[in-house]
Amino acid sequence: MNFELNENQRMIAQMVRDFAEKEIKPNMMQWDQDEFFPVETMKKMGSLGLLGIFVPESYGGSGFSYFEYATALMELGKVCGGIGLSVAAHNSLCTGHIYYHGNEEQKRRFLPKLASGDFIGAWGLTEPNTGSDAMRMKTTAVKDGNDWIINGAKNWITHGLSGDVAVILVRTGELLDSNGITAFIIEKDMHGFSAVKIKDKFGVRASETAEMIFDNVRVPAENVIGEVGMGFKQAMQVLDGGRISIASLSCGIARGAFEASVKYAKEREQFGQSISNFQGISFKLADMATEISAAELLTFQAAYRKNNKLSVTKEGAYAKYYASEVSVRCGNEAVQIMGGYGYTREYPAEKFLRDAKLMTIGEGTSEIQKVVISRELMK
Ligand code: COS
């Protein structure tokens with residue numbers, strides 16, 4: 001395996017760094033405070049090619065691999081986990097589901113708009129009462145002529161309100177039938193669909209989270225993705241890839257917290273010298289750097305497997321589990337190193353910690369990653 005970033009990765013890293021410096025950094029604390037989702041900033045990222053990173057150029061995307069995708073998210077994570085989460089959910093979940101499982105007509109209809117940022121994408125699996133136990137979902141779709149009628153609700157959905165298009169997973173068969181769930185494409189203006197923004201989140205506050213409500217929403221059969229009944233398996237595969245994106249973002253958040261900690265530790269003086277001279281601080285930095293490097297290696301291992309069409313169920317879960325826990329540890333240590341300053345919004349540490357915490361929850365908790373890993377090990 002080559003451990004160097006390739007030419008495209010270096011280019012995309014620089015582009016994201018420049019964009020983040022100009023468009024995200026100056027505004028992110030305000031967005032965080034106001035829980036403001038900057039749709040215009042998302043659209044600008046679309047024009048830079050960041051919203052269809054692995055979508056082929058023939059569908060209007062950038063045609064990059066998971067290496068470039070991971071690199072872009074690592075750079076975004078260093079600056080703002082919220083914006084990074086929105087880019088990850090848009091690319092891996094909504095766009096990814098249509099790209100990997102949609103038919104040609106659906107790809108032509110939706111991918112160019114998702115890749116350009118004309119459309120913001122959402123993806124709905126979770127419901128108010130079914131998170132980790134996704135299979136027990138209650139939202140139903142019943143056939144009516146050539147259409148389907150959808151009733152129910154999806155919760156904790158990134159871009160559930162501002163999204164123009166969403167892929168949702170809905171019960172079309174019996175409870176607990178793994179072939180009884182189907183994926184549908186929902187368009188914003190469909191009659192009977194509404195959404196409510198979820199407020200007062202702990203972190204990733206610039207990324208919109210909403211509850212989606214379906215009250216007799218009529219969806220044409222051409223919006224069914226793949227075969228009726230195959231939605232759960234499609235969703236599991238989509239999450240296998242999505243978990244690489246959360247791992248990447250986690251690495252970025254961890255590295256952002258680490259870099260801020262090094263800067264502070266070198267500048268801050270106590271007992272007549274820089275606090276970086278004390279082992280109590282420098283050993284924390286050594287632990288952070290070692291764990292971040294390990295998390296990056298696991299993430300690029302999973303990206304390599306994804307690029308080469310190898311199974312990523314276990315390796316994506318390794319990366320997501322480990323990197324997300326590392327991001328929380330690094331955010332926590334950053335606050336500790338900065339002491340009282342780290343506990344305030346004036347310094348970046350507390351935001352890294354708050355944003356990192358979501359990484360251990362979204363797209364499958366750390367506990368679910370261990371379920372996935374251990375099941376794979378026992379196969
Ligand atoms: N790829 C393809 N198929 C998969 C799969 C994968 N990674 N994982 C499971 N499947 C298939 C299984 O093979 C099984 O098929 P059969 O019934 O034909 O044998 C089917 O899907 C059901 O799988 P399983 O029996 O393992 O389902 P469980 O209800 O036990 O759930 C977990 C498995 C817990 C792993 C799953 O519900 C899960 O990932 N939960 C977390 C959901 C999540 O991450 N939510 C966050 C959403 S955030 S945006």
Side-chain angles (χ1 to χ4, degrees), residues 73 81-82 84-97 100-101 121-139 153-160 163 166-183 186 198 201 204 207-212 225-247 249-250 302 305-306 309-321 324 357-379:
L73 289 171
L85 181 71
S86 277
V87 170
H90 174 98
N91 273 288
S92 303
L93 301 182
C94 180
T95 308
H97 201 134
Y100 287 113
H101 300 287
W123 191 79
L125 173 70
T126 302
E127 299 188 356
N129 295 314
T130 56
S132 295
D133 190 5
M135 179 83 88
R136 270 174 217 267
M137 65 178 65
K138 293 276 174 12
T139 299
K154 294 284 164 186
N155 210 12
W156 310 114
I157 308 306
T158 303
H159 315 146
V167 174
I168 62 163
L169 287 306
V170 176
R171 174 161 307 293
T172 48
E174 295 302 310
L175 188 72
L176 296 184
D177 178 1
S178 64
N179 296 318
I181 290 171
T182 302
I186 302 290
I198 295 171
K201 284 186 302 178
V204 292
S207 180
E208 178 193 276
T209 311
E211 178 167 10
M212 304 172 83
I225 302 184
E227 279 177 48
V228 170
M230 292 309 291
F232 190 80
K233 288 166 191 169
Q234 293 171 9
M236 290 297 111
Q237 286 168 17
V238 166
L239 281 173
D240 282 347
R243 287 167 183 161
I244 302 173
S245 74
I246 301 301
L249 192 51
S250 303
R305 292 183 64 88
K306 181 81 182 158
K309 299 187 170 50
L310 300 167
S311 168
V312 290
T313 303
K314 186 176 65 188
E315 290 76 8
Y318 285 159
K320 201 270 186 189
Y321 166 47
S324 64
K357 192 57 206 155
L358 189 271
M359 305 301 130
T360 68
I361 299 170
E363 297 200 30
T365 59
S366 290
E367 292 72 17
I368 285 294
Q369 304 315 310
K370 288 195 262 190
V371 168
V372 171
I373 293 165
S374 52
R375 282 186 184 185
E376 288 294 307
L377 295 176
M378 298 311 147
K379 271 184 183 168

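Predicted, not measured: the structure shown is a model, and the values here were computed from it. Whatever order the structure lists them in is the order used to number ligands and atoms, beginning at 1.
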Peer 1: Can you name the nearest heavy-atom pair linking Q234 to G226, along with the distance?
Peer 2: NE2-CA, 3.8 Å
Peer 1: Which of these, Q234, K314, K233, has its nearest heavy atom closest to atom 14 (C) of ligand 1?
Peer 2: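 Going through Q234, K314, K233 one by one, K233 has the nearest heavy atom to atom 14 (C) of ligand 1.
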Peer 1: Number the atoms of ligand 1 from 1 as they appear, then name those within less than 4.0 Å of a heavy atom of G364, with their elements.
Peer 2: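 Under 4.0 Å from G364, ligand 1 has these atoms: 43 (C), 44 (O), 46 (C).
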Peer 1: Does any non-hydrogen side-chain atom of H101 lie less than 4.5 Å from one of Q237?
Peer 2: yes
Peer 1: Of the options V371, L377, V372, which is the one that meets R375 in a side chain to side chain contact (heavy atoms under 4.5 Å, CB included)?
Peer 2: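 Testing R375 for a side chain to side chain contact (heavy atoms under 4.5 Å, CB included) against V371, L377, V372 leaves exactly one candidate, V371.
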Peer 1: Any atoms of ligand 1 less than 4.0 Å from a non-hydrogen atom of T313? List them with their elements.
Peer 2: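 It comes down to these atoms of ligand 1: 7 (N).
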Peer 1: Are any of the protein's heavy atoms under 4.0 angstrom from atom 32 (C) of ligand 1, yes or no?
Peer 2: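 No, there is none.
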Peer 1: By number and element, which atoms of ligand 1 are closer than 4.0 Å to a non-hydrogen atom of Q237?
Peer 2: 1 (N), 2 (C)
Peer 1: Please report the shortest heavy-atom distance between S86 and E208, naming the atom on each side.
Peer 2: OG-N, 4.3 Å
Peer 1: Heavy-atom contacts with S178 under 4.0 Å: which atoms of ligand 1 show up? List them by number with element.
Peer 2: 16 (P), 17 (O), 18 (O), 20 (C), 22 (C)
Peer 1: Of the listed options (G316, S132, A134), which comes nearest to atom 40 (N) of ligand 1 when hydrogens are ignored and any heavy atom counts?
Peer 2: S132
Peer 1: Would you say the side chain of L73 lies within less than 4.5 Å of the side chain of I244, judging by non-hydrogen atoms?
Peer 2: no
Peer 1: Less than 3.5 Å apart, any donor N or O on the side chain of T360 or S324 sitting next to an acceptor on the other?
Peer 2: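 Note: T360 and S324 side chains miss the donor-acceptor criterion.
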Peer 1: Please identify which atoms of ligand 1 are closer than 4.0 Å to at least one heavy atom of D240.
Peer 2: 1 (N), 6 (C), 7 (N)
Peer 1: Evaluate salt bridge (Lys or Arg N to Asp or Glu O under 4.0 Å) for E376 paired with K379, printing each intermediate quantity in order.
Peer 2: CA-CA 5 Å; E376 288 294 307; K379 271 184 183 168; 2.8 Å; yes
Peer 1: Within the structure, does at least one protein heavy atom fall under 4.0 Å of atom 12 (C) of ligand 1?
Peer 2: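 Protein heavy atom within 4.0 Å of atom 12 (C) of ligand 1: absent.
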Peer 1: Please indicate whether any nitrogen or oxygen in T126 is less than 3.5 Å from any nitrogen or oxygen in ligand 1.
Peer 2: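 No - when backbone and side-chain N and O of T126 are compared with those of ligand 1, no distance drops under 3.5 Å.
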Peer 1: What is the closest protein heavy atom to atom 35 (C) of ligand 1, and at what distance does it sit?
Peer 2: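 That would be V372 CG2, 3.9 Å.
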Peer 1: Look at atom 49 (S) of ligand 1 and find which of K154, E367, E363 reaches it with the closest heavy atom.
Peer 2: E363
Peer 1: Show the atoms of ligand 1 that are less than 4.0 angstrom away from any heavy atom in R243.
Peer 2: 39 (O), 43 (C), 44 (O)
Peer 1: I need the I157 CD1 to M212 CE distance, nearest 0.5 Å.
Peer 2: 7.0 Å
Peer 1: Which is closest to atom 4 (C) of ligand 1 in terms of heavy atoms, Q369, M236, M135?
Peer 2: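 Nearest heavy atom to atom 4 (C) of ligand 1 lies in M236.
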Peer 1: Does R375 reach ligand 1, in the sense of a heavy atom lying below 4.0 Å from it?
Peer 2: yes
Peer 1: Any non-hydrogen side-chain atom of L125 less than 4.5 Å from a side-chain atom of V238?
Peer 2: no
Peer 1: Nearest 0.5 Å, what's the CD-CD distance between E211 and E127?
Peer 2: 9.5 Å
Peer 1: I need the atoms of ligand 1 closer than 4.0 Å to a non-hydrogen atom of L239, numbered in the order shown.
Peer 2: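 Those qualifying, in numeric order: 43 (C), 44 (O).
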Peer 1: Is there a polar contact, in the sense of an N or O pair closer than 3.5 Å, between F232 and ligand 1?
Peer 2: no
Peer 1: Run through K320, R305, K306 and flag the one making a salt bridge (charged side-chain N to carboxylate O under 4.0 Å, His left out) with E315.
Peer 2: R305
Peer 1: Considering only protein heavy atoms, determine whether one is less than 4.0 Å from atom 17 (O) of ligand 1.
Peer 2: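 Within 4.0 Å: yes, protein heavy atom nearby.
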Peer 1: Indicate, as side chain, backbone, both or neither, the part of N179 found under 4.0 angstrom from ligand 1 when only non-hydrogen atoms are considered.
Peer 2: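 For N179, no heavy atom sits under 4.0 Å from ligand 1.
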Peer 1: Can you check whether M137 reaches I181 side chain to side chain, under 4.5 Å on heavy atoms?
Peer 2: yes
